[in-house]
2 protein chains.
Amino acid sequence: MSESDLKREKIIDAARERFSHYGYPKTTIAELADDCAMSPGNIYRFFKGKIDIAVEIARREALSAVEVIEAVLECPVRSSRQRLEEVVFADLRYTFHLLENRPKTLELAQIVVSDRPQFQIESLRRERRVFQRILHEGQASGEFYIDNVAATTIALHAATTKYRYAQLFTNQTLSELERELAHVMTVIMRGLMSAQDAKPIAETIIPPEDTNAMDSAS
Amino acid sequence: MSESDLKREKIIDAARERFSHYGYPKTTIAELADDCAMSPGNIYRFFKGKIDIAVEIARREALSAVEVIEAVLECPVRSSRQRLEEVVFADLRYTFHLLENRPKTLELAQIVVSDRPQFQIESLRRERRVFQRILHEGQASGEFYIDNVAATTIALHAATTKYRYAQLFTNQTLSELERELAHVMTVIMRGLMSAQDAKPIAETIIPPEDTNAMDSAS
DNA sequence: ATAGTGAATAATTTATTGATTGTTCAATTT
DNA sequence: AAATTGAACAATCAATAAATTATTCACTAT
């Protein structure tokens with residue numbers, strides 16, 4: 001790691017410390033420069049602007065969050081079904097505790113997203129990839145009956161929206177949410193494991209379209 | 001309708017007009033009094049405070065929104081399944097257009113909810129009752145296999161969270177959302193229509209509790 | 001008594017100013 | 001040359017003053 005890279009890391013560390021302690025708005029470039037024993041101007045040789053430091057921190061945070069979820073994939077389980085449930089519940093618990101114990105992390109993420117909407121889109125996509133892997137496995141093993149894995153992944157992810165950063169939507173307790181999610185998963189699991197056909201009559205409700213981006217989405 | 005009630009209605013009408021046009025904060029009691037040809041002080045003989053006028057308007061709005069959804073129940077359909085899909089799609093479209101065409105309505109609702117959290121809880125409960133009625137019907141007719149209708153209603157409602165006021169969560173277009181919801185409903189429908197047992201292994205994941213408010217919730 | 005007023009007051013919002021901060025860049029050091 | 005500085009400038013924020021507004025209430029009219 002080059003001399004330059006080390007200094008960049010030092011800025012990130014100093015920023016992480018101050019952002020999580022005092023918040024993004026209350027942290028000044030001058031303070032970060034002080035922490036790194038350099039001048040304010042010099043910070044700009046490493047980052048285009050203050051917001052870009054936040055983006056970098058949020059990006060790493062998001063990556064390590066997915067890693068936490070992915071870690072669940074390593075544990076040996078009886079079935080794809082159990083794997084899927086574990087991942088969904090891990091998501092609920094991880095994001096719930098994040099908001100409870102480190103609220104500044106959400107604040108930072110919201111600031112980043114409001115400036116860089118693409119950031120959220122990519123975070124969600126990364127998360128979906130974990131879901132998709134499980135669905136693929138389940139399909140391959142014959143445990144799940146899915147004719148369009150990509151679309152079903154998106155559906156599953158959408159149906160569990162309420163259980164990511166749940167405090168944004170409700171003031172239920174974690175155990176209330178856990179019990180509720182258990183019921184949601186019961187219905188979904190029966191849907192994934194059922195061999196019977198249940199093509200949406202929705203096709204009579206929504207107008208069809210030629211190019212359907214979702215069906216090939218990753 | 002008494003003289004007094006008529007005046008109360010006049011205040012509500014004037015407020016609705018101004019709130020939807022200029023927004024709640026920019027509307028003054030003095031203006032409403034002017035509109036109704038009365039003094040500011042007299043408004044307070046009809047409402048305890050400014051916020052209570054907003055509460056009354058939001059309450060009526062919420063009731064008529066549920067009525068729109070309930071109207072779908074009147075149409076003759078082939079199955080409970082179709083009924084359920086129509087209601088869910090109606091919800092998506094109604095709330096989507098609401099935010100698109102009358103953004104002040106959301107603003108008002110958010111102001112009311114931030115002051116009266118109970119308001120939101122009751123609105124959601126009313127909406128769930130429509131879902132519950134359909135699930136009951138489907139169960140009675142043998143079309144759905146549901147062992148706990150109350151819990152499944154809550155699960156269904158939670159799983160479709162993203163499709164109520166969808167613009168709060170995403171900037172997808174209405175047709176993207178419609179296609180996505182169709183896939184969500186495909187999975188859920190298979191879950192509801194499947195006779196096979198799929199008790200959650202979640203019970204091994206979440207700790208059980210003696211008093212489970214949800215299982216008897218309406 | 002009931003309905004209504006409008007000036008008085010308390011609470012909130014808006015405007016303004018001064019101070020702080022993000023960012024740039026010509027000059028300096030390594 | 002590459003790295004760094006720090007003063008200059010523009011943008012943003014905080015504090016406070018000014019104005020507006022919500023609410024009350026003693027009083028008047030019906």
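Sequence lines set the chain letters: A, B, ... in the order given, protein chains first and strands last, and positions in each chain run from 1.
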task: Can you tell me the distance, in whole Å, between the OH atom of Tyr22(A) and the C1' atom of dT21(C)?
output: 18 Å
message: Would you say Lys7(A) places a side-chain N or O within less than 4.0 Å of OP1 or OP2 belonging to dT4(D)?
response: yes
field: nucleotides 5-30 of chain D: protein proximity per nucleotide (B base, S sugar-phosphate only, - neither; heavy atom, under 4.0 Å)
entry: BB-------S------SSBB------
- prompt: Under 4.5 Å between any side-chain heavy atoms of Gln167(A) and Glu100(A), yes or no?
  reply: yes
task: Go through the structure and list residues passing side-chain contact (heavy atoms from CB on, under 4.5 Å) with Ser39(B), not counting sequence neighbours.
output: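 With sequence neighbours excluded, Ser39(B) shows a side-chain contact (heavy atoms from CB on, under 4.5 Å) to Asn42(B), given in chain and number order.
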message: Using the rule side-chain contact (heavy atoms from CB on, under 4.5 Å), only one of Val130(B), Val88(B), Leu73(B) pairs with Arg83(B); which is it?
response: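 The side-chain contact (heavy atoms from CB on, under 4.5 Å) with Arg83(B) is passed solely by Leu73(B) among Val130(B), Val88(B), Leu73(B).
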message: Between Ser20(B) and Arg16(B), is there a side-chain donor-acceptor contact under 3.5 Å, judged purely by atom types and distance?
response: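 Result is no, nothing qualifies.
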field: More than 12 heavy atoms from other groups under 6.0 Å of CZ on Arg116(A)
entry: yes
